[in-house]
Amino acid sequence: MDEQIHERVRDVIRSIPAGQVATYGDVAAVAKAPSPRIVGRILAEDGHDLPWQRVLRANGTPAPHLADEQLQLLREEGVAILDGRIDFAAHRWEESPAARAKAEDDSQPGLF
DNA sequence: CTGGTGACCGAGG
DNA sequence: GCCTCGGCCACCA
């Protein structure tokens, strides 16, 4: 159900290490979300207690209205920001085995 | 049911 | 670099 997506997306975002970033598309993929848009929606509604600053758009730029706050928070985490966009080459969060295992485990049949 | 909207993505000109 | 189009899915009037 959509609530499962909701939980998974939050879980994935929570698993993003400090100093690293991921795109909405990546989060959607790992969280098994049907579409990146859903990730955005979930963050907008229930991302207040999550490290939402680590989620960026595919081109490396944060969302328009949050850009200021986001960039500042990221800077505090030690993320390199070049001309308003994040340095993907240095901080892009790759689907680490742990994260994938977590996602896999979450989708394991028989648990539910 | 339709239509509009959104913290999106990718391809093509 | 720019803009446009289409697709994606959940939510609401």
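These figures come from a predicted structure and were not determined experimentally. Throughout, a chain's letter reflects where its sequence line sits, starting with A, and its residues are numbered from 1. Values below: all heavy atoms of this structure, side chains included; hydrogens, waters and symmetry mates excluded.
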For A/D26 against A/A22, the heavy-atom pair lying closest together: CB-CB, 4.4 Å
Nearest heavy atoms of A/T23 and A/V55, plus distance in Å: C-CG1, 4.4 Å
Range on DNA chain B touched by chain A, heavy atoms, distance below 4.0 Å: B/dG6 to B/dG10
Residue whose nearest DNA chain C nucleotide is more 5′ - A/R85 or A/I38: A/R85
5′-ward residue of the pair A/P36/A/E45 relative to DNA chain C: A/P36
Could you state the atom-to-atom distance from [atom1] of [X] to [atom2] of [N] in whole Å?
X     : N      : atom1 : atom2 : value
A/N59 : C/dG1  : CG    : C1'   : 13 Å
A/R37 : C/dA10 : CZ    : C1'   : 10 Å
A/K32 : C/dA10 : NZ    : C1'   : 20 Å
A/E7  : C/dA10 : CD    : C1'   : 16 Å
A/I5  : C/dC8  : CD1   : P     : 16 Å

Integer angstrom distance from the P of C/dG6 to that of B/dA7: 22 Å
Student check: side-chain heavy atoms of A/V79 and A/L71 closer than 4.5 Å: no
Heavy-atom side-chain contact between A/L74 and A/V21 under 4.5 Å: yes
Side-chain (A/Q70) to main-chain (A/Q53) donor-acceptor, under 3.5 angstrom: yes
Sugar-phosphate, base or nothing in reach of A/A58, heavy atoms under 4.0 Å: sugar-phosphate
CG on A/L43 to NE2 on A/H48, rounded to 0.5 Å: 10.5 Å
Nearest to side-chain heavy atoms of A/R41, which nucleotide of C/dC11, C/dA10, C/dC8: C/dC11
